[in-house]
Amino acid sequence: MPDKRTRQTTDLTSLEPAVRVKQLAHYGTMVEVDSNVPPRRYYRSGLEMVRMANVYLAEGSLENAYILYMKFMTLFLEKIRKHPEYNSVPADIKSINQVKLKEVMPKAEKLKQKLLEQYTKEHEQYKDNEKKRLIAEEARKKQEREDAELAERLQADENRQDANTKSPHLLHSDEWAITPTAPSVGGVLYPDDFASELPRPPAHHYQPVPPLIPPSRPHQEMDEALPPLSAGRKLRTVLVPASLLARFQLLAAPNTARNIELCGILAGILERDQLKITHVIIPKQTGTADSCSTNNEEEIFHYQDQHNLITLGWIHTHPTQTAFLSSVDLHTQCSYQLMMPEAIAIVCAPKYNEIGYFALTPEYGMQFIANCRQSGFHPHPNDPPLFYTVTHIHLENTAPVEMIDLRR
């Protein structure tokens, strides 16, 4: 039986190519502007969106790239203008965005054509496989009919055989007293003298019956494998340099001594289908015993643009608490995970000697937090769980990492 992923792929390839591209474009329009979020944050997120789309494009994940390009265009050609504070956005930020739009629009159009070509090939392959499947199905049904007819003939022959088979005829003593016409020697009769006169057994109508095992037929399978569904693949591994943890906690030590949180951005590259953390960027920030907020975030984006780094998550300390995600942390993590499904949150709790690697549960936590409109610390339900300890990370003992402290 085909697995769920194969069935999903088959369902997609059965669609007309134009319909599939239209579906992707529809996903790209599924972005909303929240009036409670400052518009400048959308502009910063837009740069990250384009950066991620470019990474997807470079690795051949065309569908993900196309969706992000469409989200970017939908957001900044249409929906951002409806934000009540749109006119407060500085002209220089808008001009940078316009440059990105001019870069993205032809990319998206070219990508659309590539996807149409890819989907056309997949659709033709689907139709060819479907034709072969129907032929194989018809051959199977024909063979079953022939097997059933053969079984009926064999049964009929067996029934006739049973009806025509009789018990052996034993001669009565009177029949042996019949005087033979054949000559005898010395008046003594020998059995051979009248053997020709003995009654003959009835003619036998039984014919050799073919074996009851029906003729074997070749097992037919589809040789051509359907193309994989790139959008449905599992999370890629995030490589975490082991030295990152000690070095970050060393940087955070002065804050930890004063019971103040410190946070940083996990940035890196895509290499051989693995996400590799290469930098930890410590932005200017303000913190308390149970929270921290970044300042001058433009510096973060500028550094990432200069070094072509993508955001892979974030790291922060809990100087007085254990390692977990608070309600505020959940909302922060949601913003990272919306951009990068593999994004992680690392929580260091030095007082309890704990390190946690967390993410929102994709089947529930992401949707719940994305729809939550509360701010600050507020209660969330614990069941079903909103976050979990991730398994798609791998600690690299020898991998280097750069600590970029923008506070200095």
Side-chain angles (χ1 to χ4, degrees), residues 1-28 30 56-57 59-67 70 110-166 202-237 272-273 341 362-363 392:
M1 179 179 292
D3 59 22
K4 183 177 179 182
R5 179 175 168 183
T6 301
R7 289 196 302 271
Q8 289 176 338
T9 304
T10 303
D11 291 341
L12 286 172
T13 56
S14 67
L15 298 175
E16 290 291 333
V19 173
R20 289 182 68 184
V21 172
K22 189 175 181 180
Q23 282 186 340
L24 289 183
H26 176 67
Y27 294 146
M30 295 171 64
Y56 280 132
L57 183 61
E59 69 168 348
S61 184
L62 305 186
E63 292 166 330
N64 287 329
Y66 185 67
I67 289 172
M70 290 301 297
K110 189 178 293 185
L111 193 50
K112 177 182 176 181
Q113 295 305 316
K114 281 188 178 181
L115 285 167
L116 275 172
E117 292 172 8
Q118 174 185 318
Y119 291 164
T120 299
K121 290 179 182 177
E122 291 177 4
H123 187 59
E124 291 300 320
Q125 184 68 66
Y126 163 79
K127 289 193 295 184
D128 187 46
N129 288 343
E130 187 67 8
K131 183 177 178 181
K132 291 180 180 179
R133 186 190 67 80
L134 292 174
I135 292 173
E137 179 70 11
E138 185 57 36
R140 183 186 64 79
K141 290 180 178 179
K142 180 181 178 182
Q143 187 64 56
E144 287 178 352
R145 289 194 299 269
E146 292 176 354
D147 291 347
E149 292 170 0
L150 176 60
E152 288 178 5
R153 289 198 303 272
L154 295 179
Q155 187 63 50
D157 287 344
E158 187 175 340
N159 292 341
R160 284 194 297 272
Q161 174 190 345
D162 291 342
N164 293 331
T165 302
K166 298 180 180 180
H204 209 306
H205 296 290
Y206 180 78
Q207 296 294 326
V209 179
L212 293 178
I213 302 174
S216 63
R217 58 182 182 274
H219 179 63
Q220 298 188 12
E221 293 180 344
M222 294 295 183
D223 294 328
E224 295 79 11
L226 290 171
L229 179 61
S230 60
R233 70 181 179 181
K234 66 179 182 180
L235 295 177
R236 293 166 294 190
T237 300
R272 285 176 284 189
D273 205 37
E363 66 278 2
H392 63 280

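One-based numbering along the sequence shown.
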Going through the checks in order, is the side-chain contact (heavy atoms from CB on, under 4.5 Å) test met by Leu150 and Glu146? CA-CA 6 Å; Leu150 176 60; Glu146 292 176 354; over 6 Å; no
Can you check side-chain contact (heavy atoms from CB on, under 4.5 Å) on Glu122 and Gln118, steps first, answer last? CA-CA 6 Å; Glu122 291 177 4; Gln118 174 185 318; 3.1 Å; yes
Evaluation steps, side-chain contact (heavy atoms from CB on, under 4.5 Å), between Leu15 and Tyr119: CA-CA 9 Å; Leu15 298 175; Tyr119 291 164; over 6 Å; no
Between Asn129 and Gln125, is a side-chain contact (heavy atoms from CB on, under 4.5 Å) present by the stated rule, with each step listed? CA-CA 6 Å; Asn129 288 343; Gln125 184 68 66; 3.2 Å; yes
Looking only at heavy atoms, which two atoms of Tyr56 and Pro341 are closest? And how far apart? OH-CD, 3.8 Å
How many angstroms lie between atom NZ of Lys110 and atom CG of Leu57, to the nearest 0.5 angstrom? 9.5 Å
To the nearest 0.5 Å, what is the distance between NZ (Lys127) and OG (Ser14)? 11.5 Å
Is it true that the side chains of Gln161 and Asp157 contain a donor and an acceptor less than 3.5 Å apart? no
Rounded to the nearest 0.5 Å, the CD1 atom of Ile67 sits from the NE2 atom of His26 at a distance of 11.0 Å
Any salt bridge linking Arg145 with Glu138? Criterion: basic side-chain nitrogen under 4.0 Å from a carboxylate oxygen. yes
Using side-chain contact (heavy atoms from CB on, under 4.5 Å) as the criterion, point out the one residue from Glu130, Glu124, Lys132 that pairs with Asp128. Lys132
For the student: nearest non-hydrogen atoms of Arg236 and His392, plus distance: O-CD2, 3.5 Å
Presence of salt bridge, Glu63 and Arg20, under 4.0 angstrom: yes
Could you give the distance from CE (Met70) to CG (Leu111), rounded to the nearest 0.5 Å? 10.5 Å
So, taking the atom named CG in Leu154 and the one named CG in Asn159, what distance separates them when rounded to the nearest 0.5 Å? 11.0 Å
Supply the atom-to-atom distance Gln113 CD to Glu117 CD, rounded to the nearest 0.5 angstrom. 7.0 Å
Give a yes or no on whether a salt bridge exists between Glu137 and Arg140, defined as a side-chain N under 4.0 angstrom from a carboxylate O. yes
